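The structure appears right after this line, and notes come after that.
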2 protein chains.
Amino acid sequence: MQAKAVRPMERKTGIALWRQVADRIRQGIGAGDYEGDGRLPPETVLAERFGINRHTVRSAIAALVQEGVLRAEQGRGTFIQRRRRFTYPISARTRFSEGLRDQARDRRGHLLAHAREEADQRIADALGIAPGSPVIRLETLSEADGRPVSRATSWFEAERFSGIADAFAASGSVTLALRDHGVDDYFRKSTVVSARHAEGADLADLKLAPGAIVLVAVALNVDTQGRPVQFSETRFAADRVELSVIG
Amino acid sequence: MQAKAVRPMERKTGIALWRQVADRIRQGIGAGDYEGDGRLPPETVLAERFGINRHTVRSAIAALVQEGVLRAEQGRGTFIQRRRRFTYPISARTRFSEGLRDQARDRRGHLLAHAREEADQRIADALGIAPGSPVIRLETLSEADGRPVSRATSWFEAERFSGIADAFAASGSVTLALRDHGVDDYFRKSTVVSARHAEGADLADLKLAPGAIVLVAVALNVDTQGRPVQFSETRFAADRVELSVIG
DNA sequence: GTCTATTTGTGCGTATGTATA
DNA sequence: GTATACATACGCACAAATAGA
């Protein structure tokens, strides 16, 4: 009995063993478990350590290779495909691209879709307008160094920000798009953070594996007069991002 | 074709259909889907809506009943076991019990374990001491209205806070325990928020189902002179808590 | 260059869990 | 409840690639 003592896997939980193992390996990487040479123990060792069959370990590794977390080389071993975790600052001056300025060479915002619609109760409350008032909804995707980082849904008052979709499409930046509409500066008034499983289009857009987690930030930005300009729900890929609150 | 259009379930993902359905029902509840009378549609309707067999819906419901999210009554229907989601404020003056003051009648902190140990690099950096210096580690559980809300691991400099374990055990409050050691006031200097699957003891302590998500807040508290007093990692049950950042 | 140990890749038979009809 | 199909997990064996002696 040489294998390290590890918590045994849970069975019959509705989550396949290989997926549980994949999640634990991914977490271990995040916790710096294989820091030295970035090399995973051999499959046989992992199998013994987790108390499962080598095939099951291989399924887990295959999923992580698919995700781009690991790289397997026949005869040599399995290695961590090192990627940094982006730290996204949340403060009064929160802006996506500026926040990641020092962390990624290439930051990009894409407009996936946009629509003009009527504000429901929640949106109306946030923007300080009457329910049913026209709003513009933007569906956007943000990438850093070619990796999708977040998917956001934003609402703007339609009257004041009629051309916001075109402006965002052109610049890829909310800050610049707002500037086109006379908002030179804005502030983050509130941010509510929660977490849940990724679902629907987010899975594909963020290139996540089923079961992956998203950090959800529901935020309100206001202009210098305190008037709401943007209400948004941003889903961050939890395994690629952490949120830093400066206080 | 009368059933509402819903995104079809994903197959062969390593997550059993019944668990995916359970997760989606749980999320739907959080999003206020069954707001009216707190009653779920009949199993046959849910089955048609998700495009799956009724037996599979029953497995999902059974799991949620087990979790305490739903309550099934034979012949009547399935109902939401209503529970509120706590909003936990994060600011310079973040304190656990005060933050939930208006949201829960009964707030309680338990000391699960404590130990004296040597600071590793990460702890030492945070507390501004030399690696290997003695620190006291507290394992704590926080409950609100009888429901476990968070599990925290905290580190304190051993020399300055020698009796912190006893003080916390007696009062159930970090604020009061620090006061016993001459820290009348303290501030939240930084908080880093991430999310991952719950694991190990957290699953049991927080009474979570396997696959459940925890919001992880790594925080540093400093005294009025700016000296670090507490470094902590708190795991919040993501389906019961959201974090609110004011600023 | 050859042999050997190590490590990943592949095949197959069996048992059990999950989902459908 | 029963029958059927597929996904998951295990055990064993062997092939292929690599690295070091």
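Convention: sequence-line order gives letters A, B, ...; per-chain numbering from 1. If you're wondering where the values come from, they're calculated on a predicted model, not measured in any experiment.
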Among B:Ile213, B:Leu208, B:Val214, B:Leu206, which residue meets the side chain to side chain contact (heavy atoms under 4.5 Å, CB included) test with B:Asp239?
B:Leu208

Can you tell me the distance, in whole Å, between the CD atom of B:Glu48 and the C1' atom of C:dA21?
16 Å

N/O-N/O pairs, protein side and nucleotides 9-13 of chain C side, under 3.5 Å:
residue : atom : partner : partner atom : Å
C:dG9   : OP2  : A:Arg58 : NH1          : 3.1
C:dG9   : O4'  : A:Gln74 : NE2          : 3.1
C:dG9   : N7   : A:Arg54 : NH2          : 3.3
C:dG9   : O6   : A:Arg54 : NH2          : 2.4
C:dT10  : O4   : A:Arg54 : NH2          : 3.3
C:dG11  : O6   : A:His55 : NE2          : 2.5

For the atom pair CZ (B:Arg196) and CG (A:Leu215), what is the distance rounded to the nearest 0.5 Å?
12.0 Å

Just the rounded figure in Å: distance from C1' of C:dG17 to CD1 of A:Ile15.
15 Å

Here the distance between atom C1' of D:dC10 and atom CH2 of A:Trp18, to the nearest Å, is 17 Å

Non-neighbouring partners of B:Gln121 that pass side chain to side chain donor-acceptor pair (under 3.5 Å), sequence neighbours left out
B:Asp125

Do other residues, nucleotides or ligands put more than 12 heavy atoms under 6.0 Å from A:Arg147 CZ?
yes

Would the number of heavy atoms belonging to other residues, nucleotides or ligands and lying under 6.0 Å from CD of A:Gln66 be above 12?
no

Which whole-number value in Å describes the distance from B:Gln20 CD to C:dT18 C1'?
12 Å

What's touching nucleotides 19-21 of chain D from the protein side, N or O pairs under 3.5 Å?
residue : atom : partner : partner atom : Å
D:dA19  : OP1  : A:Arg76 : NH1          : 3.3

Inter-residue atom distance A:Arg240.CZ - A:Glu67.CD, 0.5 Å rounding
8.5 Å

Please state whether the phosphate of D:dG11, meaning OP1 or OP2, lies under 4.0 angstrom from any side-chain nitrogen or oxygen of A:Asn53.
yes

Which whole-number value in Å describes the distance from A:Arg19 CZ to D:dA7 P?
15 Å

Quick one: pull up CZ in A:Arg19 and CZ in A:Arg26 and give me the separation to the nearest 0.5 Å.
7.0 Å

As a test of reading the structure: which of D:dT8, C:dA19, C:dT8 is closest to the side chain of B:Leu17, going by heavy atoms?
C:dA19

Check the surroundings of atom CZ in B:Arg58: do more than 12 heavy atoms from other residues, nucleotides or ligands lie under 6.0 Å from it?
no

CH2 on A:Trp18 to OG1 on A:Thr56, rounded to 0.5 Å
11.0 Å

Check the phosphate of C:dT20 against B:Thr56, side-chain N and O only, distance under 4.0 Å to OP1 or OP2. Yes or no?
yes

Base-pairing mate for D:dA7 - Watson-Crick or G-U, with both contacts under 3.5 Å
C:dT16

